[in-house]
Colleague: 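Just dropping this structure here.
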Amino acid sequence: MAVAIDEFRCEAAVYSAGYPTGIGFTDADVAEDLFDLNLQLIRANDEYQAHLDVERLRHDVLKTVVFHVRYMSKVAARFLHEVPVDLASMNKFARENWEALIEPTWSQFLGIYQAVPSAFSPWTATASQATIDKLVGVVASLMTSFGYEATEDAFYVHLSVEEVQARFDRANAEADLLGHTP
C-alpha cells in the first residue's frame with residue numbers, strides 16, 4: 001500500500017505541475033485496464049477449478065489486487081487534479097466493469113487520497129502510516145467488490161454462479177468488440 005501511495009504522490013506532482021494525462025492513464029487506457037482486471041479475475045477462478053489450491057487462488061487474486069490498487073492510485077491522482085474519468089467515453093463493457101469492480105470503493109479511495117500531499121510537499125511518517133492503515137481497509141472492501149474475502153486464516157470466494165457468468169459474458173463480448181482473445 002505504501003508503494004501505491006508513493007506512486008499517487010508522484011503522479012499528483014506531475015498533474016499539479018500542469019502536465020497532461022500521460023501514457024497509460026487516458027480513458028481508453030483505463031477501459032483497457034478494466035478489461036484486463038476482469039480477465040485476470042476470471043482466469044484466477046477458472047484456473048482454481050483445475051487446481052483447487054486455495055493458496056494459489058489467493059496468491060493470484062492478491063497479485064491482481066495489488067497491481068490494480070497501484071494503477072488506480074495513479075488514476076486517482078489524475079481524477080483529483082481535475083481530469084476525471086469520463087465513463088461516457090468508454091464502451092458499455094468498460095462502464096459495466098467500472099460499476100461492478102471499481103465504483104463500490106471509488107469514493108473511499110478518493111477520500112483517502114484527497115488528504116495525501118503531492119511529492120512536492122513534505123509528509124510526516126505518522127500521517128503516511130495513518131493513510132496506509134486507512135487504505136488497507138479500503139482494499140479489503142475492494143476485495144469484496146472483486147468477489148473475495150481474505151482473512152488472516154482463510155480466503156473465500158463470494159461470487160454466485162450468475163455473477164461469474166456475467167463477468168465471463170462481459171469479457172467475451174468486450175474481447176469481440178476490441179478484437180482481443182480472452
Side-chain angles (χ1 to χ4, degrees), residues 1 3-5 7-8 11 21-79 83-110 113 135-136 138-151 154-182:
M1 297 309 107
V3 171
I5 290 171
E7 289 177 349
F8 169 84
E11 287 297 318
T21 301
I23 296 171
F25 302 106
T26 65
D27 287 342
D29 296 322
V30 172
E32 184 74 24
D33 180 67
L34 293 170
F35 173 70
D36 289 340
L37 171 64
N38 190 34
L39 278 183
Q40 289 170 8
L41 295 171
I42 288 169
R43 284 187 183 128
N45 287 338
D46 186 53
E47 289 173 6
Y48 173 68
Q49 300 306 315
H51 59 67
L52 297 177
D53 181 346
V54 175
E55 283 300 313
R56 182 171 162 195
L57 173 65
R58 180 177 184 266
H59 175 267
D60 292 345
V61 170
L62 290 176
K63 180 174 72 174
T64 299
V65 168
V66 167
F67 174 82
H68 188 70
V69 167
R70 290 179 62 194
Y71 179 81
M72 291 309 289
S73 73
K74 296 172 189 174
V75 174
R78 118 177 204 200
F79 193 97
V83 188
V85 173
D86 180 14
L87 294 175
S89 73
M90 294 182 188
N91 68 54
K92 154 187 165 28
F93 308 110
R95 287 190 307 271
E96 289 173 4
N97 282 329
W98 180 277
E99 290 168 9
L101 303 170
I102 306 308
E103 187 63 36
T105 58
W106 187 239
S107 63
Q108 294 171 318
F109 266 105
L110 292 179
Y113 285 123
L135 188 56
V136 167
V138 175
V139 170
S141 295
L142 181 67
M143 289 279 294
T144 301
S145 72
F146 286 1
Y148 306 93
E149 182 180 345
T151 66
F155 187 78
Y156 304 97
V157 177
H158 289 288
L159 290 169
S160 67
V161 171
E162 294 80 16
E163 289 171 315
V164 170
Q165 189 62 51
R167 288 182 182 186
F168 185 74
D169 291 344
R170 189 167 59 241
N172 279 326
E174 189 170 14
D176 290 344
L177 177 74
L178 301 174
H180 293 311
T181 303

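We're numbering straight along the sequence, starting at 1. Not measured: the values here are computed from a predicted model.
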Colleague: Which pair of non-hydrogen atoms, one from Asn91 and one from Phe93, has the smallest distance, and what is that distance?
Modeller: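 Scanning both residues, the minimum pair turns out to be OD1-N, 2.9 Å.
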Colleague: Is there a side-chain contact between Ile102 and Val85 (heavy atoms, below 4.5 Å)?
Modeller: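 The answer is no; the side chains never approach within 4.5 Å.
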Colleague: Is there a side-chain contact between Glu55 and His59, using heavy atoms and a 4.5 Å cut-off?
Modeller: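 Answer no - side chains too far apart.
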Colleague: In Å and rounded to the nearest 0.5 Å, what is the CG to CD distance from Asp60 to Glu47?
Modeller: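 Nearest 0.5 Å value for the CG-CD distance: 6.0 Å.
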Colleague: Could you tell me which non-hydrogen atom of Ala76 sits nearest to which non-hydrogen atom of Tyr113, and how far apart they are?
Modeller: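 Result for this residue pair: CB-CD1, 3.9 Å.
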Colleague: Provide the closest heavy-atom pair for Ala77 versus Glu11 in the form atom of the first, atom of the second, distance.
Modeller: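 Shortest heavy-atom contact: CB-CB, 3.5 Å.
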Colleague: Quick check: do Trp106 and Phe79 have side-chain heavy atoms less than 4.5 Å from each other?
Modeller: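 With C-beta onward as the side chain, the pair touches.
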Colleague: What is the distance from atom CZ of Arg43 to atom CG of Asp46, rounded to the nearest 0.5 Å?
Modeller: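 Going from CZ on Arg43 over to CG on Asp46, the span is 9.5 Å.
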Colleague: Do you know the tightest heavy-atom contact between Leu41 and Tyr148?
Modeller: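 For Leu41 versus Tyr148, the nearest heavy atoms are O-OH, 3.7 Å.
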Colleague: CZ of Arg95 to OG of Ser89: how many Å apart, nearest 0.5 Å?
Modeller: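 If we round to the nearest 0.5 Å, Arg95:CZ and Ser89:OG are 9.0 Å apart.
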Colleague: So, do Val61 and Phe155 sit near enough that their side-chain heavy atoms are less than 4.5 Å apart?
Modeller: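 The answer is yes, as the side chains (C-beta and beyond) meet within the 4.5 Å cut-off.
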Colleague: Go through Asn45 and Leu57 one step at a time and tell me if the side-chain contact (heavy atoms from CB on, under 4.5 Å) criterion holds.
Modeller: CA-CA 7 Å; Asn45 287 338; Leu57 173 65; 4.0 Å; yes
Colleague: From Phe67 CZ over to Met72 CE, what is the distance, rounded to the nearest 0.5 angstrom?
Modeller: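 Atom-to-atom, Phe67:CZ and Met72:CE are 11.5 Å apart.
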Colleague: Return each pair, listed once, that meets salt bridge (charged side-chain N to carboxylate O under 4.0 Å, His left out) where at least one residue sits in residues 64-79; pairs must be two or more places apart or across chains.
Modeller: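 Every pair satisfying salt bridge (charged side-chain N to carboxylate O under 4.0 Å, His left out) with a residue in residues 64-79: Glu7-Arg70, Glu7-Lys74, Asp27-Arg78.
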Colleague: My understanding is that only residues two or more places apart in sequence, or in another chain, count here; which of them pass side chain to side chain contact (heavy atoms under 4.5 Å, CB included) with Thr105?
Modeller: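 With neighbours one apart ignored, the set is Gln108, Phe109, Val138, Ser141, Leu142.
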Colleague: Write down the atom of Ser73, the atom of Ala4, and the distance for their closest heavy-atom approach.
Modeller: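 What the structure gives for the nearest pair is OG-O, 3.0 Å.
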Colleague: Would you sort out whether Asp29 and Tyr71 count as a side chain to side chain donor-acceptor pair (under 3.5 Å), showing the intermediate values?
Modeller: CA-CA 11 Å; Asp29 296 322; Tyr71 179 81; 5.7 Å; no
Colleague: Please list every donor-acceptor pair under 3.5 Å in which a side-chain atom of residues 33-40 meets a protein atom from a residue at least two apart or in another chain.
Modeller:
residue	atom	partner	partner atom	Å
Asp33	OD2	His68	ND1	3.2
Asn38	ND2	Arg167	O	3.1

Colleague: Would Trp98 and Val30 count as a side-chain contact (heavy atoms from CB on, under 4.5 Å) if you check the C-alpha gap in whole Å, the side-chain angles of each, and the deciding distance to 0.1 Å?
Modeller: CA-CA 9 Å; Trp98 180 277; Val30 172; 4.2 Å; yes
Colleague: Can you name the closest pair of heavy atoms from Ala100 and Arg170 and give their distance?
Modeller: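 Looking at all heavy atoms of both residues, the shortest contact is CB-NH2, 4.0 Å.
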Colleague: Tell me whether Tyr48 at atom OH has more than 12 heavy atoms from other residues, nucleotides or ligands lying less than 6.0 Å away.
Modeller: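 More than 12 heavy atoms, drawn from other residues, nucleotides or ligands, come within 6.0 Å of this atom.
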Colleague: Say you draw a straight line from CG of Asn97 to CD of Glu32; how long is it, rounded to the nearest 0.5 Å?
Modeller: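 Reported to 0.5 Å precision, the distance equals 11.0 Å.
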Colleague: How far does CZ of Arg58 sit from CE of Met143, to the nearest 0.5 angstrom?
Modeller: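 Going from the CZ atom of Arg58 to the CE atom of Met143 covers 8.0 Å.
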